[in-house]
Structure formats: structure tokens, C-alpha cells
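Just so you know, these numbers come straight off a predicted model, no measurement behind them.
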Amino acid sequence: MPEIAILDSLEAIDACAQDWRALQARTPEATGFQSYAWCRTWVAACRQRGHAATPRVIALRVAGRLVMLWPLMVERRFGARIARWIGEPITPYGDVLAEPGPQREVWIARAAAVMRGWDDVDLVHLGRLRDDGVLARSGAAPGVPAGAVAMAPQVPLPRRDPPCTKSRRRRLRLLARDFADDGPPQVEAVPAGAAARDAVRAALGLKAAWLAQRGLVSAGLSHPVVAPFLEEAAAAGDLAVHRLRVGPRAIAYDLGLSAGPVYRSLVGSFDPAYARYAPGHAMTAALLHHLSGQGAALYDFLPPDDTYKTRWATGRMPVRGRVLVLTARGRAAAFALVTLRGVAKRLYRRLPGGLRRLTARRRPAARVAPSGLVIPAS
């Protein structure tokens, strides 16, 4: 008979570290975003920042062996208590870890029964489920489908560079010509520790400036825990940090996660001083070549399928969401979280650029650290 425990503190998560890592290694569908390192770092960052999010990790054991783990956290949003994946809104994929085998559906159903009995939760939001994930494949995911289907563009590696527009080819030639004395652009992996932490600060600072210039708002990057979380993950070596250098100049960055043979690009940014050289395009081309040499088999751009991603990609992975409504308040929160939020985002994108920039400036002001890191206001 399966035994279920709830890990509801950092200490409980730490006590499960060895079994958690072992289960991740036995889960073929694992993306890295349900790993012990990813989840533990997020919970610790929430505690350090005073963010009110309580871990609610369902750990299911059979004969003492951890066979399934469901990493959730509970926080208040839209006037309701919502359980969702640890690390949201920066976690791009949600799923459970589970040993392969015919018992998966039984374990998932058992965990879902526990969720339905939670009297301090109004809604369980299971967003960002890949079609090739554990929950999607099992057919036993609780709740009902919710929200539009997103697509994650991806590129099998190794591969030749895809067709490039004349404009981008011209810009790359300019980059090679204008900085010929410094040699060709080179991608380098930033080592863990203080160097990686500083690189994350620089990358996020550039990204924040780019968003502000265009009047855009990132729900993930504006979250008060995300910046310190990514810094800590990079310093610990759990987040891959790459930068594109031309001589002494770092002109672009990519923050990502490697899980087995798959690299997933989480945040990309570039120095606007070099915009005429298409540094983002140059970074992607160089990083694909670099990762191929490191033995990577797939480059995942993550959702959504923006145009700049689909120009590189040769495949797409559907990503869906589900909600398990537990109370009337949870039903209202689900409507706000899935339907109203989606409508608001579409309307915001249709605003003229000047009006978007004005709207973005009315959000709580950010302060800029001396290092260049933009730290969102709490």
C-alpha cells in the first residue's frame, strides 16, 4: 500500500534530498525543473525574501522506496489559496517525478485523492504540462483542461545553421569585420561561483532594460524572488550561464538548464549597444554549435513559440494546463488566472508601443543595484 507524506518545510525537503535525486535519475521524462536543486533553491529564496509561499510536496513511497514526488507550493493569489508548481512563475514546465511502470496511474490517482481532501486550498493549478511528460502520458492527471495550448519550439542537435535572412547575414558580417582584431565571437560557459552570479546580474539587467524600452512586462522576471533565485542557482552550478564575447566585450547572455542531453534556454539578453550586429542571433548560432560539441541532443527554446524562435526550430512540443477546483473561491480564481489573465495579455500586446511603455512605467519602481542587477520592488 502506498504511503504518502507531505514535505511542507525546507528541512523536510532537505531530509528527502538523496531519495529525491535518485528518483529524478529514474524518471526518463524529467526536465530538470522538478529536481531537488531547482525546488530547494526556490523554497530557500522564498524564505530569505520573506515571500509567503509554503512548500506542499507530495512524496509517495512503496515499501519505503520513493516512487513518486509531486513538487507543489501554496500561496495566496486572486484572493484564494492556490497550489501550483514550485518555482512558478519562472518554472517553464510542470510535472511529477515518478518511476516508470504500470503503477504510475495508481500513484497519481492516490495523490489526487489527497489533494481533493485539502481544506486549506481553493485551487490546484497544474500549468505548463508537456505532452511527453509523466502526467500527460499517464492519462490520470486530476482536474480539467484549462487555458490555450502553448508550443515549445525545439532544435535537434547537431544540425546545420538554418536559413538566415539577408539582413542578419549582413549584420553578422559587420560584427566579424568591425571587431576583426578581437577574433570571431566566442561562446563561453561561465563557471559556477561568484563569476556566474555576476553574469546573471548582468544578463537580468540587460533584459530588464530591453523590456522597459519596449514597454513590456515579464511576469517571471518581475517576481521578487526570481533574481536572487537565479543568482543562487547559477552560483551553485545548477543553472548554466553562457555569454557571447567579442574580445573583452560580453555582448549577449543565455541562462539555461541542462538535463541529460537536453539544453533548455530560460533567459536570453544582449547589450543594446551592439544591436546593429544582431547579437541575439549570433548568440543562438554560436550556442547551438557549442552545445553540439558538448554532446547535447536537443535545444529547447521553451514556450511561447515567438517568431525569432520558430525561425530556428524544426519541431514544437505542445504544452497544456489543468485546474483542479476545490472551492467556489477556487473557481473564481481559476477564471481570473486562466481566462481573464489570457485576455488581458492579448489586449496588452495590441496596445501601441508608447502606451505600453507608459503602462509599464506605472508599475512599482525597480531599484538598480551597483552591479547592474535590476531588483523588482517587493
Can you tell me if R104 uses its side chain to pair, donor with acceptor, with the backbone of E99 under 3.5 Å? yes

NZ or CZ of R40 within 45° of W20 ring axis and under 6.0 Å: no

Are R21 and Y36 linked by a side-chain donor-acceptor pair shorter than 3.5 Å? no

Whether the side chain of D306 engages the backbone of Y308 through a donor-acceptor N/O pair (distance < 3.5 Å, no angle test) should be reported. no

Ignoring hydrogens, what is the shortest heavy-atom contact between S265 and L302? Give both atom names and the distance. O-CD1, 3.0 Å

Side chain proximity check, P92 to L266, heavy atoms < 4.5 angstrom: yes

To the nearest 0.5 Å, tell me how far H290 NE2 sits from L157 CG. 11.5 Å

With no hydrogens and no angle check, is any side-chain donor or acceptor of K309 less than 3.5 Å from a backbone partner on A152? no

Nearest heavy-atom pair of S222 and S218: which atoms, and what distance? OG-O, 2.7 Å

Say you draw a straight line from CZ of R264 to OG1 of T31; how long is it, rounded to the nearest 0.5 Å? 5.5 Å

When rounded to the nearest 0.5 Å, the distance separating NE2 of H125 from CD1 of I82 is 8.5 Å

Answer yes or no: are there more than 12 heavy-atom neighbours, outside R245 itself, under 6.0 Å from its atom CZ? yes

Whether Y299 and F301 hold their rings parallel, tilted or perpendicular, with breakpoints at 30° and 60°: perpendicular

Nearest heavy-atom contact between V325 and A334 is CG2-CB, 4.4 Å

CG-CG distance between L326 and L123, expressed to the nearest 0.5 angstrom: 7.0 Å

With Y263, which of V155, L291, L288 fulfils side chain to side chain contact (heavy atoms under 4.5 Å, CB included)? L291

Pairwise side-chain contact, L244 with L287, heavy-atom cut-off 4.5 Å (strictly under): no

Presence of salt bridge, E11 and R47, under 4.0 angstrom: yes

For S269 and A203, indicate whether the former's side chain and the latter's backbone hold a donor-acceptor pair under 3.5 Å. yes

Can D305 and T310 be counted as having a side-chain donor-acceptor contact under 3.5 angstrom? no

Are V124 and V114 connected in the hydrophobic side-chain network, where two residues link if heavy atoms are under 4.5 Å apart? yes

Enter the distance from M68:CE to R110:CZ here, rounded to the nearest 0.5 Å. 9.5 Å

Evaluate the side chain to side chain contact (heavy atoms under 4.5 Å, CB included) criterion for residues V144 and V323: first the C-alpha distance (whole Å), next the side-chain angles of each, then the deciding distance (0.1 Å), finally the verdict. CA-CA 6 Å; V144 297; V323 293; 4.0 Å; yes

Any link between L257 and I90 through a network of hydrophobic side chains (Ile, Leu, Val, Met, Phe, Trp, Tyr) touching at under 4.5 Å? yes

If you measure from CG on L255 to NZ on K207, what distance do you get to the nearest 0.5 Å? 9.5 Å

Would you confirm whether T27, through its side chain, and A98, through its main-chain N or O, come within 3.5 Å as a donor-acceptor pair? yes

Assess whether side chain to side chain contact (heavy atoms under 4.5 Å, CB included) is satisfied between W85 and L126, documenting all intermediate values. CA-CA 7 Å; W85 302 112; L126 304 174; 3.7 Å; yes

P153 versus W312: any side-chain heavy-atom pair under 4.5 Å? no

Quick one: are Q103 and V62 in side-chain contact, heavy atoms under 4.5 Å? no

Backbone N or O of Y93 within a donor-acceptor pair of the Q34 side chain at under 3.5 Å? yes

Heavy-atom distance under 4.5 Å between the side chains of D300 and R130, does that happen here? yes

As a quick check of understanding, evaluate side chain to side chain contact (heavy atoms under 4.5 Å, CB included) for R84 and M73, giving each step before the final call. CA-CA 6 Å; R84 59 178 186 160; M73 62 182 182; 4.0 Å; yes

Expected output: side-chain D122 to main-chain R81 donor-acceptor under 3.5 Å: yes

Hey, does Y274 have a side-chain heavy atom less than 4.5 Å from the side chain of R249? yes

Under 3.5 Å donor-acceptor, R322 side chain and P142 backbone: yes

Side-chain donor or acceptor of H223 paired with backbone N/O of V225 under 3.5 Å: yes

Check: L206 and Y253 side chains under 4.5 Å, non-hydrogen atoms: yes

When you look at CD of Q18, are more than 12 heavy atoms from neighbouring residues, nucleotides or ligands closer to it than 6.0 Å? no

For C39 versus P71, what's the shortest heavy-atom pair and its separation? SG-CB, 3.9 Å

Contacts of type salt bridge (charged side-chain N to carboxylate O under 4.0 Å, His left out), residue D19, not counting sequence neighbours: R61

Would you say I4 ends up clustered with V96 if hydrophobic residues are merged whenever their side chains have heavy atoms under 4.5 Å apart, either directly or through other cluster members? yes

Between L7 and P55, is there a side-chain heavy-atom distance shorter than 4.5 Å? no

For the hydrophobic clusters of this structure (ILVMFWY residues joined by side-chain heavy atoms under 4.5 Å, transitively), does one cluster hold both L230 and F270? yes

Heavy-atom pair with the smallest gap, counting every atom of P279 and D271: CG-O, 4.4 Å

Looking only at heavy atoms, what is the nearest atom pair of A199 and R243, with distance? CB-NH1, 4.3 Å

State yes or no: do Y277 and V246 share one hydrophobic cluster built from I, L, V, M, F, W and Y residues joined by side-chain heavy-atom distances below 4.5 Å, directly or via other members? yes

Of the options D131, D95, D132, which is the one that meets R320 in a salt bridge (Lys or Arg N to Asp or Glu O under 4.0 Å)? D131

Looking only at the side chains, is there a donor atom on one of W38 and T91 sitting less than 3.5 Å from an acceptor on the other? yes

Stepwise side chain to side chain contact (heavy atoms under 4.5 Å, CB included) test for R128 and E88: CA-CA 10 Å; R128 312 179 185 192; E88 285 202 65; 3.8 Å; yes

